[in-house]
Amino acid sequence: MDKKTKDVETLLGNPKKAMMAMAIPVIIAMVVQNANNLIDTVWVAGLGTNALAAVGFAFPLFFIIISIGNGIGVGSSSAIARFIGMDDKRSADRTAGQAVILTFVLSLIMGVTMLIFIRPMFEAMGAGIYVDDCIAYFTPVLLTLPITITGVVMANILRSEGASKRSMYSQIMAAVLNIILDPLFIYDYGLGLGLAGAAWATTLSMSISTLLLVYWYFVEKRTYLRIDFNGFRLDRELDRAIFRVGLPASMEMIVISVVSMIANIIVTDVDPLNGVAIYSSTWKIIQVVMIPIMGMGSAVVPVCAAAYGLRRYDNIKEGYKFAIFSITAIMAVVLAVVLFAADYIVTMFTYTEGTAVLRDDMAYGLRISCIFIILVPWGFVTAGLFQSLGMGMKSLISTMVRNFIMIPIAGYMAVTFGTLEAFWGGVVISEILGTVFIGLWGLMVLRSLLRERKGDVPSKVVL
């Protein structure tokens, strides 16, 4: 029997300690990554409003691409953690191998297909005069897709065995490299590649991070899991275990991307000149604000999945409640700061004469979003709970409800009142309604799980 690493022992131990051990490195990595994204946008803002708009149009497509890796990563992380909880290391190793191969093949197919149809894709999205800039920015992303997305999945595999710190190191390295390379690739004192340079800096940094993960798993071999491709063949049962959660998780992100594309169209109708730049840039700041929530939501998956494999349902309940209450308390402080400093925060995107006109609308969007963000921990942690239990479809349905109700509500308010302020009001209403729906459903699922335990009703752990 393989000796368990310290990370695995933590994963299988006290749920509160395991949750913090997993969440803190994820949050740190996300802070650095999103700081990198913001700095990337700051450098791009120096190229003018057109460049910001092009990145705004490209972002939903990039989000769809990341959804493939994230979906397979979450699906494999959930399955692997359950196998570790069941003390079935062989299945955990084989699941990791399946995940890496599936990711590389699918991302290769997607990259080639999107390269062929790149211009009509952006034209269909309404990019208009920004199409050439969108293509310049997005082509490097597609050319390096198999390497970068495989890295995303391997980072998730590390977290599934409790090695959240190692995953953090690889992500921080990519972010720091990108911060260094961005100005050198974009501006004339370096390579002078302009908007394309921003993309090349990002993809090169992510590729180097992937190489670090490959070194850890295939050269150093000090991880608990062993990704072995000898005699590889597709295993229907393991693939089902990955995709039962992974496919809905991918679809969740695709739903978010589609809604973002539709939202771009709505805000363009309200403000044809600056709507997309305001909305996409403000949403990037909102994502940074929600990093602690997303980090804890990610930590819930391996921790509760391992507890599920061990059949320790009380640990699931304890970890779930701890995650919600601890992050809500932290967010109360964060949002107080955002409300006070919104005008200063948005200056990072509006520091040029050409982008200064966006400042007031961005600050308003950031402030009003605080109304719904305080409830978001309930929804994110519940989605992670669903994924940890192998209930990928429940998580998908929850995401679809929360996102798709935004279109009629925010769209109606934007069309009726003709302002971006009205649009943001619709976003707030829809997010609150969606979060309450997810949270109540999660409580029902948890209650059912605990009733099953108290009644000593045997159940098969969902793989």
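Scope of the values below: all heavy atoms of this structure, side chains included, with no hydrogens, waters or symmetry mates.
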Could you tell me whether the side chain of [X] and the main chain of [Y] form a donor-acceptor pair under 3.5 Å?
X    : Y    : answer
S167 : A155 : yes
T328 : F325 : no
N178 : A174 : no
D271 : V267 : no
R312 : L12  : yes
S395 : M391 : no
S209 : M173 : no
S77  : V74  : no
S281 : I278 : no
S448 : M444 : no

Nearest 0.5 Å, what's the [atom1]-[atom2] distance between [X] and [Y]?
X    : Y    : atom1 : atom2 : value
Q287 : M30  : CD    : CE    : 10.0 Å
L204 : T144 : CG    : OG1   : 9.0 Å
T150 : I72  : OG1   : CD1   : 8.5 Å
D361 : L366 : CG    : CG    : 12.5 Å
I293 : S298 : CD1   : OG    : 11.5 Å
I432 : I409 : CD1   : CD1   : 10.5 Å

Donor-acceptor contacts under 3.5 Å from residues 415-428 side chains, at least two apart:
from	atom 1	to	atom 2	distance (Å)
T416	OG1	Y412	O	2.6
T419	OG1	A422	N	3.1

Return yes if a side-chain donor-acceptor contact under 3.5 Å exists between S164 and R159, otherwise no.
-> no
If we ignore angles and hydrogens, is there a donor and acceptor under 3.5 Å between the side chains of S78 and R82?
-> yes
Identify the heavy atoms of [X] and [Y] that sit nearest to each other, and give their distance.
X    : Y    : value
G411 : I266 : CA-CD1, 3.9 Å
M19  : Y320 : CE-N, 4.4 Å
T148 : M206 : CG2-CB, 3.7 Å
A21  : T10  : CB-CG2, 3.8 Å
G442 : T382 : CA-CG2, 3.4 Å
S205 : L181 : OG-CD1, 3.8 Å

Student check: side-chain heavy atoms of [X] and [Y] closer than 4.5 Å:
X    : Y    : answer
M406 : V259 : yes
Y279 : N264 : yes
S326 : M296 : yes
Y308 : S388 : no
V100 : M154 : yes
I28  : I24  : yes
V288 : I291 : yes
R402 : L433 : no

Could you list the residues that satisfy ring pair (Phe, Tyr, Trp, His ring centres under 6.0 Å) with W43, not counting sequence neighbours?
-> Y187
Check the pair T282, I285 against side-chain contact (heavy atoms from CB on, under 4.5 Å), reporting the backbone distance first and the verdict last.
-> CA-CA 5 Å; T282 305; I285 300 174; 5.5 Å; no
Does the ring centre of F57 sit less than 6.0 Å away from the ring centre of Y137?
-> no
Would you call the rings of Y169 and W216 parallel, tilted or perpendicular, where under 30° means parallel and over 60° means perpendicular?
-> perpendicular
Trace of the side-chain contact (heavy atoms from CB on, under 4.5 Å) decision for L195 with V55 | CA-CA 9 Å; L195 195 55; V55 172; 4.0 Å; yes
For side-chain contact (heavy atoms from CB on, under 4.5 Å), just list the numbers for Y224 and I84, CA-CA rounded to whole Å, side-chain angles, deciding distance to a tenth of an Å, and then say yes or no.
-> CA-CA 10 Å; Y224 177 68; I84 290 174; 4.1 Å; yes
Using the side-chain contact (heavy atoms from CB on, under 4.5 Å) rule, take F380 and I327 through it: C-alpha gap first, then chi angles, then the decisive distance, then the call.
-> CA-CA 11 Å; F380 262 83; I327 291 303; over 6 Å; no
Basic-acidic side-chain contact under 4.0 Å: D343, R367 | yes
Is it the case that more than 12 heavy atoms not belonging to D360 sit under 6.0 Å from its CG atom?
-> no
